[in-house]
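Proteins get letters first, then strands, A, B, ... in listed order; numbering begins at 1 in each.
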Amino acid sequence: MKELPKAYEFSTVEEKLYAWWEKEGFFKPSNDPKAPNFDPAKKPYVISIPPPNVTGGLHLGHALFVAMEDLMIRYHRMKGIPTLWVPGTDHAGIATQLMVEKMLEEKGLSREELGREKFEAEIWAWKHKFGSRITQQIRRLGASCDWERERFTLDEGLSTAVREAFVRLYEKGLIYRGPRMINWSPRLKTAVSDLEVEYVEEPGFLYYFKYRLADDPEEFIAVATTRPETILGDTAVAVHPEDERYTKFIGKKVLVPILNREIPVIADDYVDREFGTGSLKITPAHDPNDYDIGKRHHLEFISILDKNAIINENGGPYSGMDRFACRKAIWKDMQAANLVIKEQPYMHMVPRSERGGEIIEPMISTQWFVNMKPLAERGLEAVNNGQIDIIPERFSKIYNNWLENIQDWCISRQLWWGHRIPVWYCSDCKHITVSREDPDQCEKCQSKNIHQDEDVLDTWFSSGLWPFSTLGWPEKTPDFNYFYPTTMMETGYDILFFWVARMIMFGLEFTDQAPFETVYLHGIIRDENGVKMSKTKGNSIDPLEVMDEMGTDALRFTVLVGSTPGNDTNISIKKVEANRNFANKVWNAGRFVIGNLEKCPEKPIQPPEWTLADSWIWARMNELIRDVERLFTNHQYGEAGRQIYDFFWSEFADWYLEIAKIQIAESPDRAFYTVQTLIKVLDISLRLLHPFTPFVTEELWGHLKSACQENSGLFSPKHGWEEALIIAKWPTAQDIEGWEDQKIKNFNIIQEIVRSMRNIRTEKRIPPSKKIPAIIVAGEKLDILTDQAATIIALANLDKTETRIFQHLEDKPGNQTTMVLSGVEIFLPLDDLIDVDAEKDRINRELNEIQNQITRLETLLNSPFAEKAPAAVVQKEKEKLNQFQETSVKLKQQFDNLA
RNA sequence: GGGCGGUUAGCUCAGUUGGUUAGAGCAUCGCGUUGACAUCGCGGAGGCCGUAGGUUCGAGUCCUAUACCGCCCACCA
């Protein structure tokens with residue numbers, strides 16, 4: 001067989017394996033409804049991918065969710081469960097449109113100049129050019145999704161779904177159109193939903209000024225605002241009904257500064273007497289609270305801003321001015337008119353567009369809304385009655401809170417990229433036709449004079465249908481019937497409201513079923529200092545570069561092991577390096593096993609005789625399998641990865657492999673059974689590791705398999721070698737037979753002894769090449785130590801011919817370096833190196849420490865602990881105490897023996 | 001204003017249902033390279049588990065309060 005490279009060469013492996021997996025159809029569900037021997041009795045495991053923006057580029061957030069979902073999918077696939085991971089992309093209305101607009105801008109074009117049709121064509125062209133980039137990048141991460149089922153939110157099928165959903169909601173009266181206060185983005189020139197506005201604390205001013213009484217220019221009400229330009233739209237001044245300072249003004253008229261419009265002073269207990277001047281100017285058309293007050297008091301609604309946030313004709317002398325220029329101008333004019341009281345620096349929350357960053361203006365606008373209350377009720381119920389599990393659990397509370405206070409959802413957007421609202425207005429009879437099919441006439445008066453609504457739907461409207469629209473809904477396709485509802489929704493907690501809650505509500509509304517059983521929420525990826533990564537900060541890590549340099553497995557393992565459910569993850573390149581090293585470790589351990597396999601002779605006639613190390617590693621292997629299973633079940637994927645890492649490196653590689661070298665040299669029979677153990681443990685380890693690091697494990701496993709097959713009869717899993725690791729059987733732990741704990745304990749003694757001897761060697765500066773003699777007084781551990789002599793000698797680098805093991809020794813050697821471990825006494829006759837005083841010192845230090853422990857345990861065992869703690873716990877402590885006491889006696893003897 | 005998360009080794013983080021000497025990686029110190037691996041091995045040093053109380057035989061783990069950091073939600077001009 002060809003020698004494997006010394007280091008794991010991911011660059012030659014990844015692409016090849018991915019192409020092979022995909023070609024062999026391993027990513028497709030083993031129980032596909034489209035397949036001939038489809039068995040509907042098997043319950044599938046299904047994930048729909050959180051669709052990335054079609055024109056986006058890969059970032060670490062993608063790497064995390066892809067790795068996490070791929071892990072879940074691979075794990076279930078290996079368990080033999082029919083598994084489907086549906087991939088796809090999102091048209092991402094605003095984001096994509098902005099990107100294309102920017103590109104056009106560079107060519108000196110604007111979308112308005114281009115017109116809707118041509119602009120849409122431009123976006124589609126862009127989509128075709130870059131749309132596959134992100135999915136290619138996701139492939140690089142090793143994502144084992146079924147690409148034949150890939151969907152795009154603007155696909156024909158999904159568009160049908162969107163339309164169906166809209167029409168159904170409309171017919172049910174849950175969608176309505178009307179003028180309402182919405183958040184307007186002056187830069188994007190569209191309405192945005194409440195969720196798309198973020199409030200940022202910023203320094204500003206609180207402007208105090210006079211509202212003069214109409215009938216008495218000397219009297220005024222002092223009012224404060226942060227936005228003086230909105231004075232132009234004021235239609236009342238409100239005071240608290242019980243505020244003595246102002247009761248006399250209630251019902252009177254005041255004059256709007258500069259414009260000199262007369263407006264009433266009204267009483268409303270919304271007003272906070274303590275704040276500012278205790279009186280409030282009311283701009284019903286440009287403030288959500290004032291909007292409510294305006295409705296309550298039947299005030300006039302005066303809009304003062306146009307789509308670009310320019311003052312409109314209602315702004316009198318200021319019309320045509322930018323909103324911020326107007327703020328300055330009007331304040332200056334008011335100063336001149338002696339209407340200004342003061343301005344005060346003031347920190348306040350400013351609404352900014354999540355997308356464009358500009359300040360959002362509350363405005364009254366005619367838009368489409370979904371009445372969310374009825375949908376939210378079902379959504380709440382599904383989580384509260386356990387139909388849907390949210391992990392970590394604490395997010396259920398946040399989810400509940402949001403749904404309990406849900407507001408109607410503004411779903412129309414004044415964009416050109418997205419699902420056009422399926423509504424037609426009749427120019428003749430004004431009737432509105434809402435239809436699944438494009439109508440060619442008004443459904444009421446049959447007039448041909450109809451035109452479609454210009455707006456498109458919020459991107460999240462289509463995303464909300466994702467888990468079922470991707471499976472063919474509203475058609476009852478075989479996929480929909482079999483794979484829906486899906487199983488797992490894995491995504492970031494940052495889109496719990498945007499996406500998860502809406503999928504739940506829509507799922508229940510449209511399919512009458514919760515769209516998934518479990519919601520697993522991961523955190524945000526941050527840099528090594530916990531700072532959110534961004535290109536402008538220059539602290540972002542490009543996953544593609546990382547994969548180029550360190551391999552996909554290293555990146556995947558890093559994001560997986562670094563993450564705890566619901567918590568943010570700090571990532572640094574150092575961590576990825578460490579995991580690249582791990583992949584290399586796995587590779588080289590594999591190389592070692594495979595290399596020895598070839599040297600192995602025929603299968604022995606003698607039945608296996610397992611050594612302590614064999615039993616130990618096998619017992620630990622099975623413990624690990626159980627632990628991983630438990631952790632996976634509890635969604636503790638990171639912890640599972642860590643445990644596999646530790647087992648593989650610090651137990652299998654550091655200890656068993658080293659001992660295997662000795663055992664292989666011992667005898668042909670021993671060599672055979674040692675190699676058998678090596679293969680078993682490696683095979684199982686690779687299986688456990690595969691969902692984390694699919695590439696190195698698949699590659700190595702392939703080599704292991706062919707090496708085993710070339711040495712016929714040497715080893716094969718009970719169920720035979722599968723075609724590929726990706727579809728190999730997930731390990732199940734062997735039942736506990738009762739011997740395991742003792743073997744583990746015994747092996748731990750050997751480890752302790754070896755470690756201590758190595759420690760002494762380091763302390764004494766004995767060069768690693770020098771073999772030293774040892775006298776070991778084993779006492780009751782004689783059997784174990786005799787049995788393990790070769791191991792101890794090799795690992796501690798002892799002189800074989802000069803090393804003796806006794807049960808008891810009357811005349812213990814004096815003036816030597818000595819140790820007591822687990823009741824075993826060790827004498828290292830290092831005549832020329834002995835320094836009696838130093839030895840005494842060392843023993844004294846040790847005795848001190850042991851005495852402390854003895855005192856501690858004696859106190860403990862004399863406390864109520866002995867009575868109240870479970871017997872097994874007490875017994876454990878007693879044993880420890882005995883051990884310490886025994887050691888103490890022996891150390892004292894050794895001390896006395898030093899001259 | 002309400003809610004949530006974090007606070008454990010120099011740094012970044014783990015830590016099952018409370019079980020009695022608290023773990024990893026990186027960094028650091030010492031020794032070591034001809035056959036699995038220097039992307040390495042061996043050994044070491046390094047921690048009143050934010051603070052103060054409480055529950056308990058026993059608390060990093062549960063409860064209460066508190067400080068600091070971060071996040072989410074909310075209409076205070």
Side-chain angles (χ1 to χ4, degrees), chain A residues 4 6-8 199 206-207 223-227 230 238 270-272 274-283 287-292 346 348-349 362 392 394-395 397-398 401-402 405 493-494 496-497 523-524 528-530 550 554 561-562 564 566-572 574-575 577-596 627 630-631 634 636 638-639 642-643 645-646 649-650 653-654 657-658 661 755 758-763 765-769 795 797 849 852-853 856-857 860 863-870 872-874 876-877 880:
Chain A
L4 300 177
K6 267 185 98 156
Y8 168 53
Y199 288 83
L206 197 49
Y207 300 87
V223 172
T225 181
T226 52
R227 296 185 292 157
T230 60
Y270 167 78
V271 180
D272 179 354
E274 309 299 317
F275 189 88
T277 63
S279 62
L280 183 59
K281 67 189 251 337
I282 306 297
T283 322
D287 182 280
N289 299 310
D290 295 4
Y291 178 81
D292 292 339
Y346 183 62
H348 62 147
M349 300 295 269
R394 65 171 187 274
F395 284 99
K397 228 165 124 182
I398 298 172
N401 198 303
W402 190 69
N405 299 298
Y493 65 71
D494 52 327
L496 179 61
F497 306 143
I524 311 267
E528 54 199 311
N529 302 312
M550 320 234 189
V561 159
T564 309
N567 285 4
D568 293 351
T569 307
N570 295 4
I571 291 289
S572 70
K574 290 262 181 206
K575 287 187 187 177
E577 265 172 29
N579 291 319
R580 172 205 55 190
N581 296 354
F582 177 59
N584 192 53
K585 189 77 185 178
V586 171
W587 179 258
N588 275 292
R591 237 164 50 97
F592 172 78
V593 173
I594 291 165
N596 278 291
D627 284 343
R630 192 196 77 233
L631 290 165
N634 296 330
Q636 312 240 3
E639 183 60 19
R642 251 167 259 136
Q643 299 225 3
Y645 178 104
D646 286 343
W649 201 316
S650 5
D654 285 353
L657 248 55
E658 291 309 313
K661 292 174 188 171
R755 262 196 277 261
R758 285 169 171 173
N759 184 358
I760 291 286
R761 295 183 65 108
T762 304
E763 255 181 54
R765 303 188 170 277
I766 300 165
S769 51
L795 296 186
N797 209 6
E849 176 52 26
N852 287 342
Q853 295 299 334
R856 184 181 64 81
L857 286 168
L860 180 66
S863 71
F865 168 79
E867 310 256 309
K868 303 223 176 175
V873 175
V874 177
K876 223 171 103 191
E877 297 309 312
K880 275 191 214 164

Checking all strands, does [X] fall into the base, sugar-phosphate, or nothing category for heavy-atom contacts under 4.0 angstrom?
{"X": "A:D654", "value": "sugar-phosphate"}
{"X": "A:P288", "value": "nothing"}
{"X": "A:A7", "value": "base"}
{"X": "A:R227", "value": "nothing"}
{"X": "A:A653", "value": "base"}
{"X": "A:T277", "value": "nothing"}
{"X": "A:E867", "value": "nothing"}
{"X": "A:Q853", "value": "base"}
{"X": "A:I398", "value": "nothing"}

Nearest whole Å is fine: how far is [N] [atom2] from [X] [atom1]?
{"X": "A:L657", "N": "B:rG35", "atom1": "CG", "atom2": "P", "result": "15 Å"}
{"X": "A:D272", "N": "B:rG1", "atom1": "CG", "atom2": "P", "result": "13 Å"}
{"X": "A:I571", "N": "B:rG25", "atom1": "CD1", "atom2": "C1'", "result": "12 Å"}
{"X": "A:R580", "N": "B:rC26", "atom1": "CZ", "atom2": "C1'", "result": "13 Å"}
{"X": "A:N797", "N": "B:rG41", "atom1": "CG", "atom2": "P", "result": "18 Å"}
{"X": "A:F592", "N": "B:rC40", "atom1": "CZ", "atom2": "P", "result": "18 Å"}
{"X": "A:L4", "N": "B:rC37", "atom1": "CG", "atom2": "P", "result": "12 Å"}
{"X": "A:L496", "N": "B:rG5", "atom1": "CG", "atom2": "P", "result": "15 Å"}

Upstream residue (5' side of RNA chain B) when A:N289 and A:R856 are each assigned their closest nucleotide: A:R856
Closest-nucleotide ordering on RNA chain B, the 5'-leading residue of A:P870 and A:E274: A:P870
N or O in side chain of [X] less than 4.0 angstrom from [N] OP1/OP2:
{"X": "A:R642", "N": "B:rA24", "answer": "no"}
{"X": "A:S863", "N": "B:rG58", "answer": "no"}
{"X": "A:K397", "N": "B:rC4", "answer": "yes"}
{"X": "A:K868", "N": "B:rC57", "answer": "yes"}
{"X": "A:K661", "N": "B:rA36", "answer": "yes"}
{"X": "A:K6", "N": "B:rC37", "answer": "yes"}
{"X": "A:Y346", "N": "B:rA77", "answer": "yes"}
{"X": "A:W649", "N": "B:rG41", "answer": "yes"}
{"X": "A:R591", "N": "B:rC37", "answer": "yes"}

Taking [M] as the reference, what is the distance to [N] when you measure between their [atom1] atoms (whole Å, please)?
{"N": "B:rU7", "M": "B:rG15", "atom1": "P", "answer": "10 Å"}
{"N": "B:rA22", "M": "B:rU66", "atom1": "C1'", "answer": "25 Å"}
{"N": "B:rC62", "M": "B:rC68", "atom1": "C1'", "answer": "23 Å"}
{"N": "B:rG44", "M": "B:rG5", "atom1": "C1'", "answer": "37 Å"}
{"N": "B:rG60", "M": "B:rG43", "atom1": "C1'", "answer": "28 Å"}
{"N": "B:rU21", "M": "B:rG46", "atom1": "C1'", "answer": "16 Å"}
{"N": "B:rA65", "M": "B:rC48", "atom1": "P", "answer": "28 Å"}

Nearest to side-chain heavy atoms of [X], which nucleotide of [options]:
{"X": "A:N759", "options": "B:rG6, B:rG43, B:rC26", "result": "B:rG43"}
{"X": "A:K880", "options": "B:rC72, B:rG25, B:rU21", "result": "B:rU21"}
{"X": "A:E877", "options": "B:rA36, B:rU21, B:rC75", "result": "B:rU21"}
{"X": "A:T225", "options": "B:rU12, B:rG15, B:rA77", "result": "B:rA77"}
{"X": "A:T762", "options": "B:rA77, B:rG30, B:rU12", "result": "B:rG30"}
{"X": "A:N581", "options": "B:rU39, B:rA77, B:rA14", "result": "B:rU39"}
{"X": "A:K585", "options": "B:rG41, B:rG6, B:rG30", "result": "B:rG41"}
{"X": "A:R394", "options": "B:rC42, B:rC76, B:rC4", "result": "B:rC4"}
{"X": "A:R755", "options": "B:rG41, B:rG43, B:rG15", "result": "B:rG43"}
{"X": "A:H348", "options": "B:rC42, B:rC31, B:rA77", "result": "B:rA77"}

Got [X] and [Y] here, is their nearest side-chain heavy-atom distance under 4.5 Å?
{"X": "A:V874", "Y": "A:E867", "answer": "no"}
{"X": "A:P362", "Y": "A:D287", "answer": "no"}
{"X": "A:F275", "Y": "A:L280", "answer": "no"}
{"X": "A:T225", "Y": "A:L206", "answer": "no"}

Could you tell me which nucleotide pairs with [N] by Watson-Crick or G-U wobble geometry, both distances under 3.5 Å, or answer none if nothing does?
{"N": "B:rA38", "answer": "none"}
{"N": "B:rA14", "answer": "none"}
{"N": "B:rU56", "answer": "none"}

Any donor-acceptor N/O pair under 3.5 Å between B:rA36 base and A:E658 side chain: yes
Any N/O donor-acceptor pair, A:Y270 side-chain to B:rC75 base, under 3.5 Å: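 Side chain to base: pair found, below 3.5 Å.
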Residue pair A:Y493, A:D568: steps toward the side-chain hydrogen bond (donor to acceptor under 3.5 Å, both in side chains) verdict: CA-CA 10 Å; A:Y493 65 71; A:D568 293 351; 2.7 Å; yes
Spatial distance of atom [atom1] ([X]) from atom [atom2] ([Y]) [nearest 0.5 Å]:
{"X": "A:K880", "Y": "A:Q853", "atom1": "NZ", "atom2": "CD", "answer": "8.5 Å"}
{"X": "A:D627", "Y": "A:D646", "atom1": "CG", "atom2": "CG", "answer": "11.5 Å"}
{"X": "A:M349", "Y": "A:T226", "atom1": "CE", "atom2": "OG1", "answer": "13.0 Å"}

Verdict with reasoning, A:N581 to A:K585, per side chain to side chain contact (heavy atoms under 4.5 Å, CB included): CA-CA 6 Å; A:N581 296 354; A:K585 189 77 185 178; over 6 Å; no
Cation-pi check, A:K661 onto A:F592 ring (under 6.0 Å, within 45° of axis): yes
